[in-house]
Amino acid sequence: MRLSRSKLTRWSLPIIALLMVLTVGTVLIGRAVNGSGEARLTGTDLGKTPAPDFTLTDQRGSAVTLSGFKSKTVVLTFIYTHCPDFCPLTAERLRAAYAQLPPARQEKVVMLAVTVDPARDTPAALQAFSAQHGLADNPNWYTLRGDQAALEQVWRAYGVDPGAMMTMNHAAMHDMTSTPAAPAGTLAHTNAVYLIDAKGRERVILTSVAEESSLVANLTALTD
C-alpha cells in the first residue's frame, strides 16, 4: 500500500519526536551516572581521608599552604636535591605527566615537592633542581622547605621517614623489598606520591616508579 505524503508526515513526526525524547533522555541519564560516580584511580586507596594541612615556603620565597589549593588537584611528594635516583625520577615523571594534560586540566593541578633535607636544600638548590628537570618556569610546581620543626610535622603527618628515604639506593627502585625498615607508622617505602582531590581529600598513593601513564590517567580523572 502506498501512503500519501500527508499520511507519511502524520506517521513520521511522532516517531521523530519519540526518537528525540529517547536521545535526550539517554544523554541526561549518562550525565547523571557520570556526575554521581567516583573517579576510578590507580594506586593504593587512601579512603578520602582529609589531607593534613601545612604551611611551608616555596623556592620563590612565598608562603604556600596546602589548604589554599582547594578546588585543585594536588600532587604531593617528598624530595631532596642530592638524591641520586628516586627524586630525579619523580620530578621527570611529574613533568612528563603534566605536559600530557591539556591546558584546561593543567590549570586544575598543582605539584608540591617537600624537602626531607632542609640543611642542603636551600632556595637556590631547590631552584636549580627545578630548572634541571624542566620545571622552573611551571607556575604550578612548588618545591617546599621550612624550619626543622615545621618539616617534621609534615613528615609525620604523611608517614615519611627521611632517614630511610635518603639511604635508598638504585637497587631499591627495582626491588622494593630491599627498602630499609622504617619506624612504626611510616610507609613501607618513602618515595611517596600522594594525589589529593579538589575537596582536600587523600585519594591514592603511588611511588616514583609508577608509570607516567598512571599519573596522567589519575590526574585526568580527578580534574573532570
Side-chain angles (χ1 to χ4, degrees), residues 43-83 85-91 93-94 109-130 133 135 138-168 179-208 210 215 218-219 222:
T44 302
D45 189 347
L46 296 177
K48 301 178 190 172
T49 303
D53 200 12
F54 58 80
T55 299
L56 296 171
T57 303
D58 70 12
Q59 74 272 24
R60 306 170 188 94
S62 300
V64 170
T65 301
L66 177 63
S67 59
F69 293 117
K70 276 195 176 175
S71 80
K72 298 204 174 196
T73 296
V74 176
V75 183
L76 173 64
T77 191
F78 297 83
I79 64 163
Y80 63 107
T81 59
H82 287 72
C83 176
D85 38 51
F86 285 117
C87 306
L89 176 61
T90 299
R93 288 272 165 86
L94 292 182
V109 173
V110 293
M111 300 172 285
L112 311 182
V114 177
T115 180
V116 296
D117 187 14
R120 292 186 293 177
D121 285 351
T122 62
L126 294 172
Q127 288 173 343
F129 179 88
S130 301
H133 298 288
L135 290 160
N138 187 325
N140 293 322
W141 164 258
Y142 303 83
T143 50
L144 303 174
R145 66 188 309 278
D147 61 35
Q148 189 72 21
L151 286 168
E152 285 178 357
Q153 186 174 357
V154 179
W155 300 335
R156 283 194 300 271
Y158 289 91
V160 172
D161 175 21
M165 183 174 184
M166 294 170 69
T167 56
M168 286 180 178
T179 301
T186 60
L187 299 171
H189 21 82
T190 54
N191 57 332
V193 178
Y194 285 86
L195 297 186
I196 300 167
D197 67 20
K199 295 181 179 179
R201 305 175 301 181
E202 298 176 357
R203 296 300 299 273
V204 294
I205 189 170
L206 306 168
T207 71
S208 61
L215 280 168
N218 282 348
L219 292 175
L222 287 171

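Here the structure is a predicted model, which is why all the values come from computation and not from measurement. All heavy atoms count here, side chains included; hydrogens, waters and symmetry mates do not.
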Quick one: does L135's side chain get under 4.5 Å of M111's, heavy atoms only? yes
Any non-hydrogen side-chain atom of V154 less than 4.5 Å from a side-chain atom of L144? no
Distance, nearest 0.5 Å, that separates OG1 of T77 from CZ of R93: 12.5 Å
Can you give me the closest heavy-atom contact between A51 and L66, atom names plus distance? CB-CD2, 4.0 Å
Find the distance between CD1 (I196) and CG (L76) and round it off to the nearest 0.5 Å. 5.0 Å
Non-hydrogen atoms of T115 and L151 that approach each other most closely: O-CD2, 3.8 Å
Residues pairing under ring-ring contact (aromatic ring centres under 6.0 Å, His included) where one sits in residues 45-75, two or more places apart or in two chains, turn out to be F69-Y142
As a test of understanding, state which of T90, V193, V116 forms a side-chain contact (heavy atoms from CB on, under 4.5 Å) with F78. V116
Would you indicate whether the side-chain heavy atoms of V75 and L195 approach each other to under 4.5 Å? yes
Can K199 and D197 be counted as an ion pair, charged N to O under 4.0 angstrom? no
Least distance between heavy atoms, S130 atom then T143 atom: OG-CG2, 3.7 Å
Any non-hydrogen side-chain atom of W141 less than 4.5 Å from a side-chain atom of Q59? yes
For a quick test of reading the model, state the closest non-hydrogen atom pair linking F129 to C87 and the distance between them. CZ-O, 3.8 Å
Which residues share a side chain to side chain donor-acceptor pair (under 3.5 Å) with T44, sequence neighbours left out: none
Residues passing the side chain to side chain donor-acceptor pair (under 3.5 Å) test with N140, sequence neighbours excluded, are Y98
For D147, give me all partners under side-chain contact (heavy atoms from CB on, under 4.5 Å), at least two apart in sequence or on another chain. A149, A150
Closest non-hydrogen atom pair, A125 against T81: O-CG2, 3.7 Å
Check the surroundings of atom CD in E152: do more than 12 heavy atoms from other residues, nucleotides or ligands lie under 6.0 Å from it? yes
To the nearest 0.5 Å, what is the distance between CG (L56) and CG (L112)? 9.0 Å
Determine yes or no for a side-chain-to-main-chain donor-acceptor pair under 3.5 angstrom, with Y158 supplying the side chain and P52 the backbone. yes
Any side-chain to backbone donor/acceptor pair from T57 onto S62? Under 3.5 Å, distance only. no
By side chain to side chain donor-acceptor pair (under 3.5 Å), which residues pair with Q127, not counting sequence neighbours? none
Apply side-chain contact (heavy atoms from CB on, under 4.5 Å) to the pair V114 and W155, showing each step before the final yes or no. CA-CA 9 Å; V114 177; W155 300 335; 4.3 Å; yes
So Y80 and F86, do their side chains get closer than 4.5 Å, heavy atoms only? no
For the residue pair D121 and R145, what are the closest heavy atoms and their distance? O-NE, 2.7 Å
Kindly state each residue pair satisfying salt bridge (Lys or Arg N to Asp or Glu O under 4.0 Å) with at least one member in residues 61-79, sequence neighbours excluded. none
